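Remember, it's a predicted structure, so these values are computed and weren't measured experimentally. Each chain gets a letter, A, B and so on, in the order its sequence line appears, and its residues count up from 1.
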Number of protein chains: 2
Amino acid sequence: MARGSTRPTSRDVAEAAGVSQAAVSLVLGDKWRGRVSPTTAERVRHAAQELGYRPNLAARNLRLGRTRTVLLVVPALTTEFFAGVYTGAARVAAQHGFGVVLYPSPEGIGPARDPFGSAQAALDGVIASSMAADALTAIRGDQLPLVMLDSDPTGSQGAATVNLDIADGVRQVTDHLLELGHRRFLHLAADIPSWTFEVRARELASRLCETPGTSLRATRAPISFEDALTATQTALTTPGPRPTAVICDDDKLAAGAYKAARRLGLRIPDDISITGLDDLALARALDPELTTVRLDAERFGEQGMKALLAVLDGRTPPQEDIPVELVVRGSTAPPSA
Amino acid sequence: MARGSTRPTSRDVAEAAGVSQAAVSLVLGDKWRGRVSPTTAERVRHAAQELGYRPNLAARNLRLGRTRTVLLVVPALTTEFFAGVYTGAARVAAQHGFGVVLYPSPEGIGPARDPFGSAQAALDGVIASSMAADALTAIRGDQLPLVMLDSDPTGSQGAATVNLDIADGVRQVTDHLLELGHRRFLHLAADIPSWTFEVRARELASRLCETPGTSLRATRAPISFEDALTATQTALTTPGPRPTAVICDDDKLAAGAYKAARRLGLRIPDDISITGLDDLALARALDPELTTVRLDAERFGEQGMKALLAVLDGRTPPQEDIPVELVVRGSTAPPSA
DNA sequence: AGGGAGAAGTTATACGTAACACTTGGGCGT
DNA sequence: ACGCCCAAGTGTTACGTATAACTTCTCCCT
């Protein structure tokens with residue numbers, strides 16, 4: 001019988017099975033072949049089951065010097081996108097006996113002092129989405145293996161990076177609209193200082209530079225319906241020829257653009273085309289459904305975790321960008337003029 | 001200087017500061033008043049800073065017998081709702097020096113064998129959203145303190161429960177529609193066997209029973225746009241007088257109902273009223289904006305964590321339901337007939 | 001018959017931390 | 001002058017696990 005309140009240890013199991021603690025460790029660690037007889041092994045397993053034995057992970061971690069736990073830092077959890085990243089990362093992790101702890105931080109990893117805030121777990125490595133430069137150095141100083149998601153590969157101080165091919169997504173959107181005949185564009189940009197948004201702006205600008213006869217206006221807004229609405233409304237009522245297509249940095253911004261268009265009495269897509277980026281469930285809830293770029297969040301998370309596992313094994317992580325896919329729906333059409 | 005690759009321990013700090021390891025532990029644990037002189041304490045802190053010392057959490061956890069880490073089990077991460085629950089729980093946890101590890105499980109906690117899947121962290125307690133009965137017993141057997149969210153208080157085997165006052169939300173929605181003059185209702189129910197959805201159905205039915213001259217149809221669908229669309233479309237084209245109001249178990253289902261209404265050529269809210277439940281960002285992206293019930297997810301998470309902390313302290317957790325609030329927007333109006 | 005190889009274990013140890021119990025030296029009251 | 005107390009530490013131990021190193025015993029080959 002269990003002696004009251006405290007959880008049984010491997011020693012309790014050993015006593016119950018009439019063997020030494022070492023034998024228990026061997027059996028339960030599946031290293032008993034040729035070291036313990038099958039009947040004894042079975043006896044140990046039975047005793048463990050009987051007592052409801054669960055290994056003490058703190059002790060195991062201390063002994064082994066590793067925790068098989070990694071930290072995933074995401075800027076926010078409020079979107080399906082990072083939920084998907086987590087799901088993918090956790091799936092791969094589980095296949096390798098790893099756990100994933102989440103640290104949602106509004107501003108990526110915090111300052112050098114206590115960079116992980118409340119993430120208490122003992123860690124083997126870190127996957128981070130957005131991160132201040134000094135925090136990056138702090139982590140590097142901690143010697144913690146690090147993989148960065150959607151970050152500038154040239155500024156990563158040697159950390160491995162895994163990126164979505166956002167630039168290609170922007171190219172696909174732009175080409176799609178150009179083929180439809182659009183020439184005057186509005187870029188509704190996310191007001192967040194992050195590499196992934198810089199890439200959007202840069203790629204869009206350079207693509208349109210190559211095409212004569214095009215014009216590009218840009219406006220910025222925090223990622224929220226209200227802000228996106230007012231920013232778009234202002235931009236569309238500015239004097240001069242009105243843009244015929246709005247390219248948004250993500251789907252939520254696009255939803256704000258929808259509202260702005262409606263408020264101005266513009267029909268989508270007849271009077272104005274709108275595109276997003278993410279392909280959230282929201283994209284198909286809008287009316288008409290949103291033309292957008294599908295980001296495979298789960299695959300992104302998977303690749304991030306695979307890269308981290310590679311680093312942990314001392315291997316070189318793969319370095320290919322994850323492809324993205326244009327999804328054409330009802331929010332884009334040839335311009336009416 | 002650090003001796004190469006391995007991370008510095010408290011003993012390294014002690015050596016650098018010229019004191020014993022015990023003194024380092026006292027100083028860094030802030031228990032040095034009256035035991036170590038201020039100047040020595042400062043010297044220790046400086047040495048720790050210099051070496052970039054970080055305590056080994058595995059060792060600390062083993063020594064203290066607790067981890068200051070709790071597990072939050074959520075059915076899915078794909079919605080802002082559980083993101084909010086996590087945010088609230090993590091905030092309260094951080095205030096008490098706790099960390100929160102997330103375990104998103106499609107079916108709540110798994111079967112008795114290895115109930116936490118890949119959640120490897122050593123835990124002090126568990127907060128769980130939805131859970132199979134046998135998994136519940138398994139955890140109880142583990143002696144892990146447990147708080148259950150939105151679960152049947154009578155079936156919780158003595159575990160503490162924290163609930164949103166969903167029944168009141170359903171009452172508010174129903175009364176709102178009744179006051180507008182609606183009498184024929186369609187209930188678009190989530191096809192998920194969970195207490196929180198049972199409450200919705202039960203409360204709605206009992207509320208309408210009390211009001212003579214009302215009728216209630218019900219249909220079920222998994223929480224996805226496509227399924228909600230087809231289910232609603234079928235239900236609305238069934239022979240007999242058409243319902244004038246659709247009450248949906250959550251906002252995502254409502255978005256599906258919007259599409260079904262549009263496909264049938266019904267205008268919202270002129271021809272049909274639609275209500276949701278959650279108040280996701282989606283609710284304000286829809287056109288017209290959705291009348292729904294606001295659930296304060298963060299407060300929910302906070303209360304859950306507070307309850308767990310109470311259990312960990314041996315106190316009795318508070319047992320009040322968290323109030324919810326009807327938010328009337330553009331998707332409800334008096335019936336046209 | 002002798003010994004070497006393997007099977008079937010056991011004993012002992014280290015991981016890094018926190019805290020209890022102990023030591024030392026000086027200051028102070030009477 | 002004696003004892004006592006307090007400041008300022010140090011020595012030691014235990015937490016539960018995994019594993020290297022050791023011990024027995026039996027079997028089998030030459």
Report the distance from atom [atom1] of [X] to atom [atom2] of [N], rounded to the nearest whole Å.
| X | N | atom1 | atom2 | result |
| --- | --- | --- | --- | --- |
| A:D12 | D:dG16 | CG | P | 9 Å |
| B:E15 | D:dT10 | CD | P | 13 Å |
| A:L26 | C:dA7 | CG | P | 14 Å |
| B:K31 | D:dG9 | NZ | C1' | 17 Å |
| B:R66 | C:dA19 | CZ | P | 8 Å |

Side-chain H-bond candidate by donor/acceptor type, B:T39 with B:S37, under 3.5 Å: yes
Looking at residues 33-41 of chain A, who's got a heavy atom less than 4.0 Å off DNA chain C? A:R35, A:V36, A:S37, A:T40
Is the shortest distance from a Lys or Arg side-chain nitrogen in A:R45 or A:E42 to a carboxylate oxygen in the other one below 4.0 Å? yes
Could you walk me through whether B:T87 and B:E302 pass side chain to side chain contact (heavy atoms under 4.5 Å, CB included), step by step? CA-CA 8 Å; B:T87 304; B:E302 287 176 0; over 6 Å; no
A:A22: partners by side-chain contact (heavy atoms from CB on, under 4.5 Å), with sequence neighbours left out: A:S20
Have a look at A:V19 and say if it touches a base, only the backbone sugar-phosphate, or nothing, with a 4.0 Å heavy-atom cut-off. sugar-phosphate
With a 3.5 Å distance limit and no angle check, can you tell me whether [X] reaches the backbone of [Y] through a side-chain donor-acceptor pair?
| X | Y | result |
| --- | --- | --- |
| B:R68 | B:H96 | yes |
| B:D150 | B:N163 | no |
| A:R43 | A:A17 | yes |
| B:T69 | B:T67 | yes |

Identify the pairs formed between an N or O of the protein and an N or O of nucleotides 14-16 of chain C at a distance under 3.5 Å, and give each distance.
none

Taking the nucleotide of DNA chain D with the closest heavy atom to each, which residue, B:R43 or A:A23, is nearer the 5' end? B:R43
